[in-house]
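In what follows, chains are A, B, ... by sequence order, proteins preceding strands, each numbered from 1.
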Amino acid sequence: MLDIHKIEKKWQNYWEKEKIYKFNQKSKKKIFSIDTPPPTVSGKMHMGHAFSYAQMDFIARYKKMQGYNLFYPFGTDDNGLPTQRLIESEKKVKAQNMKREHFIKLCLTNLVSIRKKYIEDFKKIALSCDYDIFYSTINDHCRKISQLSFIQLYKQGREYRKEAPVIWCPECQTAIAQVELEDKELTTELIDVVFQINKKNIIISTTRPELLVACVAIFVHPNDKRYKELIGKKAAVPLFKFKVPILKDLRVDMEKGTGIVMCCTFGDQTDVDWYKAHKLPLKTALTKDGRMTKLAKKYSGLTIKEARKEIIQDLKKQNLIKKQKQITHVVNVHERCGTPIEFIHSKQWFIKYLDLKKDFLKNGKQLNWYPKFMINRLENWIKGLQWDWCISRQIPFGIPFPVWYCKKCDEVILATPNQLPVDPLIEKPPIKKCKCGSTEFIPEKDIINTWATSSLTPQLAVQLMPKKLWKKLFPMSLRPQAHDIISFWLFNTLVKSQLHYKKNPWKDVMISGWALDPKGKKMSKSRGNVIEPQEIIKKYSADCLRFWASSSKLGEDLPFHEKELVSGKKFIIKMWNASKFVFMHLKDYNIKTKKPKLETIDKWLLSKINKIIKNSTAYFERYEYSKTKADVENFFWNIFCDNYLEIIKDRLYNPKTRGKESRKAAQFTLYTTLLTILKLMAPIMPHITEEIYQQYFKKYEKIKSIHTSEWPKYNAKAIDKKIEKLGDKAIQIVAKARQYKTKNKKSLKTEIILTLEKEKIKELSDFMQDIKAVTNAKEIKQGKFSIKLK
RNA sequence: GGGCCUGUGGUCUAGUGGCUAUGACGUCUCCCUUACACGGAGAAGUUCGGAGGUUCGAGUCCUCUCAGGCCCACCA
């Protein structure tokens, strides 16, 4: 009996042992290179991975069968904040409370086993990567490339270090990038606070009273008649009593609150804009761990929340609050920890790219997008960019900047390329003396943001190969990924490639959707609706999981429905049984002998399968694997099994009446068609197709694995529309006979007497014997169409 | 507020302006036929979210509208 789990394990081992997926460095074949997404190491592969990696693998396997020398690396993304948080939660530690080098060591040690287990999950869904072409974004190879990228871009003048307001996570205590923000709906108090101008009151609404101390200006709209006379005057900030100017700015929304707004350094993005535009002074109210600074006097040391509470109380005491109400509003939080972000003035490294927005839009258009509409996400993102790329992070675990600073003049001292990878905290700078004469240097202790490294994946993978191959492998053929990281990974990779090479990193991009829960909601731990792919594989099989993943169009989200897994399972069993039947009748057949003379029904089938080959190939070329799957599934089940196999039984079982040649013709057609079906389905269901291939076909085909065999070739000569039409008509008669028997509650093997019109008999003369046999007609009479029980 | 996607029988889904609108699951009926009852043969069920329009002809194109989802912006 069919033990699918045993079969899957067996062939996975075989593929690994026989190095079926190995990239051939010496081959002269055309290369197809894939910029495989390095999954963020997170303990377990989740359903979203299984879904989108399977879709990418369909394409990879197809390309391999098309004869490409497939460059299909595998990497893991295991540096930076996500990994730091993983280790913190697994080991129940906090990096901030540990010695830096101890924490880094803890991460690196634990990653070894975590990474290994993690990769196993990807192998279990039969991801056909060449796992020997492997990188981990924290290893020396990647450190070197990432640091070199930094050095090169610095020399290009694309990087700068600047003290400026940056998006800051008080929980993780690091700067973060615009792309790492997420929306979250929170309830808070909106309070109307009284400011004074020469003893006259003005009312300003705010949700951030704790920032009063950092208030540097008050803004009104220039067209707002209510407040025209206020412009240019000064107002006293409540509680703190210092005075700030009242200025005008078009960005003020007259409708919101009282139409007067306070600007603090910094409450939100607009504050930052105003600070820059109006050259306002800087007042730092918050420390990097989210507490009030000394500036806040009696509130100093309190957390944001505590300070807010106390300030509201104090304002109330002095009767400075006119109104107070609960509102829900949407705030930006850090995607990794859900903490509302702050804007904090600090020194960070940036990649300057806001000036290149137009070029990036142009570059994005030059990529071939599958599906096309996904380009909107990239363009939308580029158009909305308002920050240069902040790449420094104030956390311990990651790739260090290869930089020291002169203690005296702050000159940037870069590592030399041959020094890389380097940790400036451990190693010394390449020079002994600064230009200014100083011999003291301060190492940079920030690390490079993980996206600044993972945006180099084409280089990380390609540079694992000998240098002479680099040009052949880059730009890469394909970037497969899911739509949620278009603004992160896709955009960042495009940026780096353009800055380094003035080239796009790939030709095609295929964007897959998400795996959703059965109700169509995003799976998440907090919702408790996570379905684990490991469990599904156990219950069904990897092929079933892939079958499910192939049922959604590229780019579309797919709710997880178990019935699709059941369909996959049935499909596997059906293939197994149909093959068993075919092989039973091929025992005495050798494909290498002379091709027999085909019967018309054989030609009918071959014509149909060739149409499927033609379409399937075109679909795969456009990354529309779901159409291939649907077509092959339909052909296999309805045309091949339910009709052709039934019809030829007569020829197979009764060679005496139908002739030996006729039997051979059926055998030839079975061999060709079944092998074609297997090959068309091999990219989607690699295990069962391999099993069936190995059972019989291998001894004639002489190719080690179905996955290294050739994709079926479309034979235009086999297409015969006339025969197809006639065959379909014959099938219709068979269907009518079946209908008749079913209606009369008779078994399908019941004998009947079939009467057909003279013209029909003449037209379908080639099929008469087949029709007679499959309908079990005792005789076929000439006359008005009818079916009768014998 | 801007952008994108989706809306087809009970459920999920195919559908490139043109014959009777796919297929699957579910439901109902029948059939243990020498590959398969984890099977086979049938049946019922939708008028394509809504309203206009273009066209000889629209689920398919256009406009508006309703509903859901995603991304971005806002977030005083």
Side-chain angles (χ1 to χ4, degrees), chain A residues 1-2 178-179 181 183-186 188 190-193 203-209 211 218-219 251-253 255-264 267-271 327-332 340 371 373-386 483-484 486-487 513-514 516 518 520-522 551-553 555-559 561-564 566-567 569-585 626-627 630-631 633-634 637-638 641-642 645-646 649 652-653 734-750 774 776:
Chain A
M1 200 37 212
L2 179 65
Q178 187 181 347
V179 75
L181 302 181
D183 286 353
K184 195 171 176 182
E185 203 168 79
L186 292 176
T188 187
L190 178 68
I191 59 174
D192 285 0
V193 186
I203 313 291
I204 297 178
S205 299
T206 181
T207 53
R208 301 293 307 268
L211 292 179
I218 285 166
F219 283 96
R251 278 166 277 201
V252 176
D253 183 347
E255 308 294 314
K256 220 172 248 179
T258 56
I260 312 177
V261 55
M262 69 168 181
C263 169
C264 308
D268 62 23
Q269 172 77 46
T270 323
D271 287 348
I327 56 159
T328 56
H329 68 166
V330 177
V331 293
N332 278 140
F373 67 83
M374 285 294 179
I375 192 177
N376 293 315
R377 303 237 178 163
L378 179 72
E379 295 193 339
N380 204 2
W381 174 255
I382 295 174
K383 286 175 190 161
L385 269 180
Q386 27 191 343
H483 58 54
D484 54 331
I486 288 177
S487 47
W514 270 345
L516 304 176
K521 296 267 173 255
K522 208 168 146 177
S551 64
S552 113
K553 267 193 291 194
E556 230 148 69
D557 295 344
L558 184 66
H561 287 133
E562 202 150 339
K563 63 163 199 182
E564 192 64 23
V566 176
S567 300
K569 195 176 158 197
K570 285 185 177 179
F571 189 74
I572 290 172
I573 293 167
K574 189 79 176 173
M575 278 217 279
W576 173 263
N577 282 315
S579 305
K580 204 168 75 185
F581 172 79
V582 170
F583 299 155
M584 202 167 87
H585 293 286
S626 65
K627 288 187 179 171
D631 270 22
E633 188 185 8
N634 178 51
W637 210 292
N638 300 321
C641 291
D642 293 344
L645 290 190
E646 290 306 320
K649 274 180 183 169
L652 293 171
Y653 284 116
V734 175
K736 284 207 173 118
R738 287 169 170 167
Q739 200 173 358
Y740 177 82
K741 290 177 189 180
T742 302
K743 258 190 187 153
N744 288 287
K745 307 193 177 184
K746 295 288 176 194
S747 124
L748 289 178
K749 67 175 182 183
T750 312
V774 78
N776 206 12

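The distance between atom CZ of F373(A) and atom C1' of U6(B), rounded to the nearest whole Å, is 10 Å. We find that NZ of K553(A) is positioned 19 Å from P of C70(B), with the value rounded to whole Å. Distance, N638(A) CG to A14(B) P: 18 Å, rounded to whole Å. Here the C1' atom of nucleotide A73(B) and the CD atom of Q269(A) are 10 Å apart, to the nearest Å. Rounded to an integer number of Å, the gap from CD of E633(A) to P of U22(B) is 17 Å. Straight-line distance from the CD atom of Q739(A) to the P atom of C31(B): 17 Å, rounded to whole Å.
Across all strands shown, C64(B) pairs with G50(B); the Watson-Crick or G-U wobble distances both stay below 3.5 Å. With a cut-off of 3.5 Å on both pairing distances, A76(B) has no Watson-Crick or G-U wobble partner at all. Searching all strands for a Watson-Crick or G-U wobble partner of C28(B) with both distances below 3.5 Å returns G42(B).
Other residues, nucleotides and ligands contribute over 12 non-hydrogen atoms within 6.0 Å of the CD atom of Q386(A).
Contact check for Q739(A) versus T742(A): no side-chain heavy atoms found under the 4.5 Å cut-off.
Taking the C1' atoms as reference points, C25(B) lies 37 Å from U63(B), given to the whole Å. G10(B) and C19(B) are spaced 29 Å apart, taking the C1' atom of each and rounding to whole Å. Comparing the P positions of A21(B) and G49(B) gives a spacing of 16 Å, expressed to the nearest Å. Nucleotides C62(B) and U6(B) have their P atoms positioned 12 Å apart, rounded to a whole Å. When the C1' atom is compared between G59(B) and U22(B), the two are found 12 Å apart, to the nearest whole Å. G57(B) sits 16 Å from U20(B) when the P atoms are compared, rounded to a whole Å.
Checked by distance alone, K746(A) brings no side-chain donor or acceptor within 3.5 Å of a matching partner on the base of C31(B).
Nucleic acid contact class of D253(A) (heavy atoms, under 4.0 Å, all strands): base. As judged by a 4.0 angstrom heavy-atom cut-off over every strand, L748(A) is placed among the base-contacting residues.
Dashed line: the shortest gap from a side-chain N or O of K570(A) to OP1 or OP2 of A24(B) is not under 4.0 Å. Contact annotation: W637(A) side-chain N/O to G40(B) OP1/OP2 distance is under 4.0 Å.
Comparing M374(A) and G259(A), the nucleotide of RNA chain B nearest to each residue sits closer to the 5' end for M374(A).
When each of C74(B), C71(B), A76(B) is scored by its nearest atom to the side-chain atoms of D183(A), the top-ranked nucleotide is C74(B). Distance from the side chain of R738(A) is smallest to G42(B) among G42(B), G40(B), C4(B).
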**OP:** Decide side chain to side chain contact (heavy atoms under 4.5 Å, CB included) for M584(A) and L652(A); before the verdict, give the C-alpha distance in whole Å, the side-chain angles of both, and the deciding distance to 0.1 Å.
**Re:** CA-CA 10 Å; M584(A) 202 167 87; L652(A) 293 171; over 6 Å; no
